[in-house]
Amino acid sequence: MVPRDTPGYRVHRALSSLTSIDSDQLEPADQERISTATTLLEQVDVLTQPNTTRDGDVNRES
């Protein structure tokens with residue numbers, strides 16, 4: 001699989017695009033939309049990251 005063709009990479013790209021927007025130039029409603037979208041993408045980004053401690057915890061317990 002191409003590393004750029006993963007859901008995590010796409011979320012990262014979308015998050016990078018949103019954070020690069022100069023929101024000071026936008027209307028307050030648009031600023032709020034960007035803030036909400038950024039927050040949601042940050043939450044999804046955490047969920048798409050591999051949990052390396054989970055495997056480590058399983059190995060430690062066995």
Side-chain angles (χ1 to χ4, degrees):
M1 178 181 271
V2 177
R4 291 182 175 188
D5 194 24
T6 61
Y9 183 76
R10 291 185 199 132
V11 169
H12 172 75
R13 292 281 309 210
L15 190 55
S16 294
S17 295
L18 282 176
T19 56
S20 68
I21 294 173
D22 186 12
S23 61
D24 293 338
Q25 304 294 322
L26 300 175
E27 298 291 325
D30 292 333
Q31 290 177 359
E32 181 64 27
R33 288 182 189 108
I34 289 181
S35 176
T36 300
T38 301
T39 301
L40 291 172
L41 283 172
E42 287 172 346
Q43 292 172 352
V44 169
D45 192 38
V46 170
L47 296 175
T48 60
Q49 298 297 318
N51 187 353
T52 57
T53 59
R54 183 180 304 157
D55 291 337
D57 289 340
V58 170
N59 290 335
R60 287 183 203 143
E61 293 176 4
S62 39

Query - Pairs satisfying salt bridge (Lys or Arg N to Asp or Glu O under 4.0 Å), at least one member in residues 13-32, at least two apart - result: Asp30-Arg33
Query raised in the report: From Thr36 OG1 over to Leu41 CG, what is the distance, rounded to the nearest 0.5 angstrom?
Result: 11.0 Å
Query - Those residues that, when tested against Ser23, pass side-chain contact (heavy atoms from CB on, under 4.5 Å) (two or more places apart) - result: Leu26, Gln31
Query raised in the report: What are the two closest heavy atoms between Ser20 and Ser17, and how far apart are they?
Result: OG-O, 2.8 Å
Query - Euclidean distance, Ile21 CD1 relative to Thr38 OG1, rounded to 0.5 Å - result: 7.5 Å
